[in-house]
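See below for the structure under consideration.
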Amino acid sequence: MAATFYGQISANRRNSFLLAFLVIAILAALGLTIGYAWTGSVEGAIGVTIFAVVIGLVVAMASYFSGDQLILKASGARPVDAQAAPQLMNVVQELAIAASVPMPKVYIIDDSAPNAFATGRDPSHASVAITTGLLEKLDREELQGVIGHELSHVRNFDIRFSLLVGVMVGSVALLADLFLRMTFWGGVAGRRSSSSDRGGGVQAIIFIVAIVLAILAPIAARLVQLAVSRQREYLADASSVELTRNPHGLERALAVIATDKEVLEVANRATQHLYFTNPIKKFEERRSGLFSTHPPIVDRINRLRSLTGEAPLAADEVRALTGLD
């Protein structure tokens with residue numbers, strides 16, 4: 001079993017990095033194309049791309065250092081200690097030791113919907129938030145699976161990794177929006193006309209290509225970003241099994257949460273990617289299936305079952321889970 005989950009960890013980590021490089025490739029293609037269409041030179045194209053990345057980094061760093069506290073406040077999370085939640089604190093402490101990370105700050109969200117999330121820029125500045133519904137509806141083994149998953153996000157630096165990918169995606173959107181606005185108001189077209197003697201027909205062709213990329217690239221980059229998010233969830237599942245040596249607890253926790261009908265009121269589309277499972281249920285009006293931040297519950301459970309050689313979920317079990325997933 002050990003070789004199997006280590007194999008899953010390696011594959012999921014490799015897929016995450018490949019997807020991240022794909023976002024960088026999209027940014028590079030868009031930046032160079034728009035830059036050349038705008039300036040008529042390769043040097044100008046590189047300069048435009050660097051400008052977009054720098055602006056994206058400046059904006060991202062502000063959220064990097066203060067975003068976790070904003071998320072905790074927006075979620076209505078309150079800090080707890082060993083006296084208020086002894087079993088929870090004990091589970092978090094034992095898994096923090098197993099993961100070789102500092103003990104994170106622990107918060108409770110007063111909500112009957114079972115879920116949890118981790119946030120923070122690195123293991124030394126991490127927080128874990130758990131709903132009261134999770135504590136009430138899961139047994140200790142299931143709770144260990146969930147906490148192991150969340151601490152794996154901390155140990156794997158998923159917040160930092162997602163931030164870097166988000167910077168690239170934001171830079172793509174920034175470049176595309178800037179170019180389309182200037183094209184609409186005639187700014188780029190005017191520069192292209194004035195430099196036609198330098199760029200000639202090549203610049204005209206690249207200008208058309210840049211318009212097409214400016215429309216499609218932000219969508220493609222966003223889809224890749226969501227794929228990165230799903231890969232990091234698979235990675236955290238496999239890493240949780242590495243920490244707990246018990247895939248059954250995590251599997252049961254996924255099933256319990258997937259079939260629970262309670263709605264997590266404090267969650268929204270800006271924070272849903274942080275949670276253990278997607279907190280926005282299928283039957284809710286705010287749910288959009290087009291941009292999924294989490295892998296399907298059935299896939300996550302079947303991957304866990306493969307670790308012990310068990311058969312995938314039966315048809316009736318799949319129907320029971322996908323009715324709400």
Side-chain angles (χ1 to χ4, degrees), residues 63-99 101-140 142-163 229 232-233 235-237 239-240 243-244 249-250 253-254 256-258 260 262-281 286 293-294:
S63 62
Y64 179 65
F65 287 103
S66 61
D68 58 337
Q69 291 303 313
L70 293 176
I71 291 169
L72 290 167
K73 288 181 180 178
S75 302
R78 56 179 174 82
V80 293
D81 54 25
Q83 290 185 336
Q87 178 176 265
L88 172 61
M89 296 298 292
N90 180 257
V91 169
V92 173
Q93 186 174 40
E94 70 180 13
L95 287 170
I97 293 172
V101 298
M103 178 71 179
K105 296 179 181 178
V106 182
Y107 292 79
I108 290 289
I109 300 173
D110 292 313
D111 197 296
S112 57
N115 224 314
F117 69 83
T119 186
R121 60 184 183 270
D122 56 47
S124 297
H125 301 85
S127 301
V128 177
I130 299 93
T131 65
T132 52
L134 189 83
L135 295 177
E136 293 168 358
K137 297 174 182 179
L138 300 189
D139 62 29
R140 184 183 178 89
E142 294 162 354
L143 180 62
Q144 287 175 326
V146 174
I147 298 301
H149 175 101
E150 297 306 328
L151 288 183
S152 294
H153 279 311
V154 173
R155 185 181 66 166
N156 296 336
F157 289 88
D158 283 344
I159 298 298
R160 182 178 296 176
F161 188 89
S162 298
L163 174 71
S229 176
R232 303 311 276 188
E233 293 301 322
L235 175 59
D237 282 348
S239 298
S240 177
L243 296 178
T244 64
L250 182 57
L254 285 165
V256 169
I257 296 174
D260 190 88
E262 297 287 343
V263 174
L264 186 57
E265 301 291 349
V266 296
N268 55 56
R269 291 182 182 177
T271 61
Q272 64 177 332
H273 68 284
L274 294 171
Y275 284 88
F276 174 66
T277 64
N278 193 343
I280 301 178
K281 304 291 186 178
R286 58 182 175 166
T293 59
H294 290 71

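Numbers here are sequence positions counted from 1. No hydrogens, no waters, no symmetry mates; every other heavy atom, side chains included, goes into these values.
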- Item | Those residues that, when tested against D158, pass side chain to side chain contact (heavy atoms under 4.5 Å, CB included) (two or more places apart) | H153, N156, R232

- Query: Which residue pairs pass the ring pair (Phe, Tyr, Trp, His ring centres under 6.0 Å) test with at least one member in residues 112-132, sequence neighbours excluded?
  - Reply: F117-Y275

- Between H149 and E233, does any side-chain donor sit less than 3.5 Å from a side-chain acceptor? yes

- Message: Suppose we screen for side chain to side chain donor-acceptor pair (under 3.5 Å). Which residues come up paired with T244, at least two apart in sequence or across chains?
- Response: none

- Item | Residue list, side chain to side chain contact (heavy atoms under 4.5 Å, CB included) with A126, at least two apart or on another chain | P104, V154

- Item | Nearest non-hydrogen partners of P114 and D260, listed with the distance | CD-OD2, 3.2 Å

- With sequence neighbours excluded, tell me which residues meet side chain to side chain contact (heavy atoms under 4.5 Å, CB included) with S229. H273, T293

- Item | Step-by-step side chain to side chain contact (heavy atoms under 4.5 Å, CB included) determination, I130 to V146 | CA-CA 9 Å; I130 299 93; V146 174; over 6 Å; no

- Distance-minimising heavy-atom pair for S152 and L243: OG-CD1, 3.7 Å

- Item | Spacing of D139 atom CG and K137 atom NZ [to the nearest 0.5 Å] | 14.5 Å

- Message: Considering only residues two or more places apart or on different chains, which pairs with a residue in residues 271-280 satisfy salt bridge (Lys or Arg N to Asp or Glu O under 4.0 Å)?
- Response: none

- Item | Contacts of type side chain to side chain donor-acceptor pair (under 3.5 Å), residue S112, not counting sequence neighbours | E262

- Message: Which residue is it: T277, L274, N278? I am looking for the one with a side chain to side chain contact (heavy atoms under 4.5 Å, CB included) to N115.
- Response: T277

- Residues that E142 engages under salt bridge (charged side-chain N to carboxylate O under 4.0 Å, His left out), provided they are two or more places apart: R252

- Note on the structure: Hits for side chain to side chain contact (heavy atoms under 4.5 Å, CB included) against Q69, two or more places apart or cross-chain, chain-then-number order -> L72, Y107

- Does anything in residues 104-119 pair up under salt bridge (Lys or Arg N to Asp or Glu O under 4.0 Å), and if so which pairs, sequence neighbours excluded? R78-D110

- Item | Residue that, paired with T119, satisfies side chain to side chain contact (heavy atoms under 4.5 Å, CB included) out of L70, D68, T271, V128 | D68

Pairs under 3.5 angstrom only: tabulate donor-acceptor contacts from the side chains of residues 87-98 to other protein residues two or more places apart or in another chain.
| residue | atom | partner | partner atom | Å |
| --- | --- | --- | --- | --- |
| N90 | OD1 | R140 | NH2 | 2.5 |
| E94 | OE1 | R140 | NH2 | 3.4 |
| E94 | OE2 | Q144 | NE2 | 2.5 |

- Could you tell me the separation between the OG atom of S240 and the CG atom of L235, rounded to the nearest 0.5 Å? 11.0 Å

